[in-house]
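Data first, discussion second: the structure below is written as structure tokens.
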Amino acid sequence: MGGGPVGALTALSLFRRGWDVEVWESRDDPRGKDERITNLRSINLAISSRGLEALRSVDPSLGT
């Protein structure tokens with residue numbers, strides 16, 4: 001699975017159904033090799049009602 005939101009949700013869903021799951025991200029660590037980098041940007045994430053329903057389909061306690 002990819003490390004993005006959909007990959008993580010899919011991995012959680014498959015894991016709860018008994019699958020062995022590994023999550024991999026193909027992009028390098030944005031911090032690079034020097035963790036002193038301070039110009040990183042945060043990502044503001046808004047979840048639509050469809051996204052919240054997807055979360056609830058995996059775990060009703062999610063997306064509340």
Side-chain angles (χ1 to χ4, degrees):
M1 298 290 146
V6 174
L9 184 60
T10 303
L12 177 61
S13 180
L14 292 173
F15 176 77
R16 291 197 171 188
R17 292 185 171 129
W19 289 66
D20 290 328
V21 178
E22 290 187 25
V23 177
W24 292 69
E25 178 57 56
S26 63
R27 289 175 279 181
D28 290 336
D29 186 335
R31 296 173 295 184
K33 294 182 181 182
D34 184 354
E35 293 189 17
R36 294 175 292 166
I37 297 173
T38 59
N39 62 348
L40 296 177
R41 295 176 294 175
S42 66
I43 298 172
N44 295 321
L45 181 63
I47 301 178
S48 67
S49 58
R50 227 175 48 192
L52 291 172
E53 187 57 36
L55 288 170
R56 286 187 209 105
S57 75
V58 173
D59 183 339
S61 70
L62 297 173
T64 56

- Task: Inspect the contact between E53 and R56 and indicate whether a charged nitrogen and a carboxylate oxygen are less than 4.0 angstrom apart.
- Result: yes
- Taking all non-hydrogen atoms of both residues, which atom of V58 and which atom of R16 are closest, and how far apart? O-NH1, 3.6 Å
- Query: Counting N and O atoms only, with roles assigned by atom type, does the side chain of T10 sit under 3.5 Å from a partner on the main chain of V6, one being a donor and the other an acceptor?
  - Reply: yes
- Identify the heavy atoms of L52 and I47 that sit nearest to each other, and give their distance. N-CG2, 3.5 Å
